[in-house]
Amino acid sequence: MTIARHDAIMAVTNYKPFEKPLDFSKTPSNKLFGANVFSDAVMKKRLPEKVYKAVRKTIDCGAKLDVSVADVVAKAMRDWAIEKGATHYAHVFYPLTGLTAEKHDSFLDPDGKGGMIAAFSGRQLIQGEPDASSFPSGGIRATFEARGYTAWDVTSPAYILENPNGTTLCIPTAFCSWTGEALDKKVPLLRSMQALNAQAQRILALFGNKNPGLINSTAGCEQEYFLIDRNFFFARPDLINAGRTLFGAKPPKGQELEDQYFGAIPERVLACMLEVERELYKLGVPVKTRHNEVAPAQYELAPVFETSNLATDHQYLTMITLQRVAQKYGMTCLLHEKPFAGINGSGKHLNWSLGTSTQNLLSPGKTPHSNAQFLVFCAAVIRAVHKNAVLLRGAVAHAGNDHRLGANEAPPAIISIFLGDQLTDIFEQIARGGAKSTKQPGVLSVGVDTLPPLPKDAGDRNRTSPFAFTGNKFEFRAVGSSQSVAGPLVILNTIVAESLDYIATELESKTKGDKKKLNGAIQEVLQQIMKEHGSIIFNGDNYTETWQQEAAKRGLPNLRNTVDAVAAMDAPQYAELMEKYNVLSEREFKSRNEIYLEKYVKEVSIESKLTFRIAKTMIFPAALDYQAKLVTSSVRLKSMGKDHCTSVLDELNGHMARLQNEMAHLDSAIHHEHKGGGVLDHARHMRDKVLPAMRAVRETCDKLEGIVSDELWPLPTYQEILFIK
């Protein structure tokens, strides 16, 4: 009998590279960076000075795009792309599927004389028309209402995407309906950045800075992922269809020895990483860091900071590139938050800050207690997170992240802020009446003469905190590895804009233009913020039961799963907040909540059907085969008058009987889902009935894995997938 698992193991152990190694010495990395991007340098070289300045004014100052320049830009972009081998262009957009979408059009048009000419107009650059009916809309668009528009986002540069058989000019775009409503993740993100800039400008004006330039939120998105051999991937129907294993007993060795983290990167994996970085350099993605993560077969890639919009687009490119390049090395990149039970899952830590082209507004300086401007912006974030913890929790809520949040590698569902010793002390001084001093970091000596003294940070890090201050930024650690960062960024930008609006209004009212009153007004406002919102600050261990109890006393929400989190977001005040700052209309906001619940229902539905099918058609038959072997051996021994101990057979029979009952229960729960009700009712049924039934089936199957003969077990095991490379 042939078992795919055995073939997979053989293929993995005999792996040979598909292609010759790349010659990295031919082109230095610094020459590669941005080679396939219609970058500032390319625009400056190819556009007339007047047109170039008009485009830069939009990018640098947020000015309205002068559409009269589009034809000139389009021609330059077309010529540049054709020189790089492009035959087609694509408006790339970001629908509410969480993935990218694109429609490719040829540059070639008939010339009316039996030939073809290369054409690409300003109108074609500015606007495209893809079908909007088949993307999630949460009721905004009916199926028969098909028209949608893509709109060129000049702030995110076009790029060339290479394929072995050609290249395509890719143009980042926004996507909206015929009625002008946002059907994507880019439009709300750009709106939120606009709102944040408007309110931050008011704060800086109070400090005498009248022309600071455009104020942007910035993001640096750490990406965790797993790399496994493709032979194992294709031998696991659950990985193929759900992105995570629905079965798998804990292996004898997992991550207990803590030998994976920052360990030596396996040669095959490092070769893949190097090519990923090379491809991302070409696309202008500033990747900086790579290393082994905590779990076996888990890794991390991290870029440096960029504006939120560009960082989001680059995050999509990063995920796509990881998956494409992994295939060249015979591997599959898993971006699911929890592809394997019992070991660390993957997140996408979102490092968020805000500032101008020359100034980080969340940089405290050496004496934060006297840096009033920093304290105002930091207090705005504290207030925003406390007031809108439900929105932040909802922004990271989906089925995959439910398996991760609260586990040992991820923050819990309770949103709190870690400030560290230095800032906590300063804000406590403010709450008592005024900050007078700053704890100094000092120098760390490790007691070895040959090692230099090390500058010591003012406070330790807290990896259990979902929202932590880390030097000159906040790190939102609860974002899932498969997620677009656009949603969390939209929420962060908007809630901080609202807080800055509140503080600016208070300060303007208290000072009435008299600069001498500013310091006193700031002290008064910050003291009030700490009194009302200081309970969100927690520097301890977020994993403990003590914190769960303390958080409840503080009134902090504990939304443990997607269904609760999305339902809580549906409160009127949150829709009003998003509409007030023109980020999302009430209809757009509510439609997204419905889409999130629909996606949850669909993902759990797929997983439940997979669980039932794999258990019934792969695991149960393997157990039957082993049962038959045991019965045959027992009968033979009995006929010979030998001892025929049946303890293993009895144990196997018990598990098989339970599995049949649990499969029947799961099948009933799956089909009950079709009996009607709203999307929230369906989501609750999935959470309360289907998921527990799936877990019961899995638990029994995982016990069977420890009993059934290894030669009969049909699925590659954790031990094999994670450790055979």
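As the structure is a prediction and not an experimental result, all values here were calculated from the model.
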Are any non-hydrogen side-chain atoms of [X] and [Y] less than 4.5 angstrom apart?
{"X": "Pro237", "Y": "Leu715", "result": "yes"}
{"X": "Val479", "Y": "His349", "result": "no"}
{"X": "Leu334", "Y": "Tyr225", "result": "no"}
{"X": "Thr168", "Y": "Asn163", "result": "no"}

I'd like to know whether the aromatic ring centres of [X] and [Y] sit less than 6.0 Å apart in this structure.
{"X": "Tyr718", "Y": "Phe340", "answer": "yes"}
{"X": "Phe226", "Y": "Tyr299", "answer": "no"}
{"X": "Tyr94", "Y": "Tyr316", "answer": "yes"}
{"X": "Tyr329", "Y": "Tyr15", "answer": "no"}
{"X": "Phe93", "Y": "Tyr149", "answer": "no"}

Spatial distance of atom [atom1] ([X]) from atom [atom2] ([Y]) [nearest 0.5 Å]:
{"X": "Trp80", "Y": "Ser39", "atom1": "CH2", "atom2": "OG", "result": "7.5 Å"}
{"X": "Leu47", "Y": "Tyr52", "atom1": "CG", "atom2": "OH", "result": "9.0 Å"}
{"X": "Met193", "Y": "Thr218", "atom1": "CE", "atom2": "OG1", "result": "9.0 Å"}

Verify whether one side chain among [X] and [Y] offers a donor that lies under 3.5 Å from an acceptor in the other.
{"X": "Thr155", "Y": "Asn309", "result": "yes"}
{"X": "Ser481", "Y": "Gln223", "result": "no"}
{"X": "Thr562", "Y": "Asp402", "result": "yes"}
{"X": "Ser217", "Y": "Asn493", "result": "yes"}
{"X": "Glu306", "Y": "His314", "result": "yes"}
{"X": "His91", "Y": "Thr150", "result": "yes"}
{"X": "Asn344", "Y": "Glu293", "result": "no"}
{"X": "Ser346", "Y": "Gln298", "result": "yes"}

- Query: Should we say atom CD of Gln323 is surrounded by more than 12 heavy atoms from elsewhere, each under 6.0 Å from it?
  - Reply: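 Counting other residues, nucleotides and ligands, CD of Gln323 exceeds 12 neighbours.
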
- Please say whether more than 12 non-hydrogen atoms of neighbouring residues, nucleotides or ligands are located less than 6.0 Å from CD in Glu83.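 Correct, the count exceeds 12.
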
Under a 3.5 Å distance rule, please check whether [X] uses its side chain to pair with a backbone N or O of [Y] as donor and acceptor.
{"X": "Asn197", "Y": "Leu214", "value": "no"}
{"X": "Arg268", "Y": "Gly330", "value": "yes"}
{"X": "Glu337", "Y": "His403", "value": "no"}
{"X": "Ser192", "Y": "Leu189", "value": "yes"}

- Candidates Glu300, Gln315, Glu224 - the one meeting side chain to side chain donor-acceptor pair (under 3.5 Å) with Lys348: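 Among the candidates, only Gln315 passes.
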
- Message: So if I apply the side-chain contact (heavy atoms from CB on, under 4.5 Å) rule between Leu239 and each of Leu246, Thr332, Thr245, which one comes out positive?
- Response: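 For Leu239, the side-chain contact (heavy atoms from CB on, under 4.5 Å) test succeeds with only one of Leu246, Thr332, Thr245, which is Thr245.
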
With a 3.5 Å cut-off and sequence neighbours excluded, list the donor-acceptor pairs that the side chains of residues 62-76 form with protein atoms.
| residue | atom | partner | partner atom | Å |
| --- | --- | --- | --- | --- |
| Asp66 | OD1 | Ser68 | N | 3.0 |
| Asp66 | OD1 | Ser68 | OG | 2.6 |
| Asp66 | OD2 | Ser68 | OG | 3.1 |
| Asp71 | OD1 | Gly122 | N | 2.6 |
| Lys75 | NZ | Asp79 | OD2 | 3.1 |

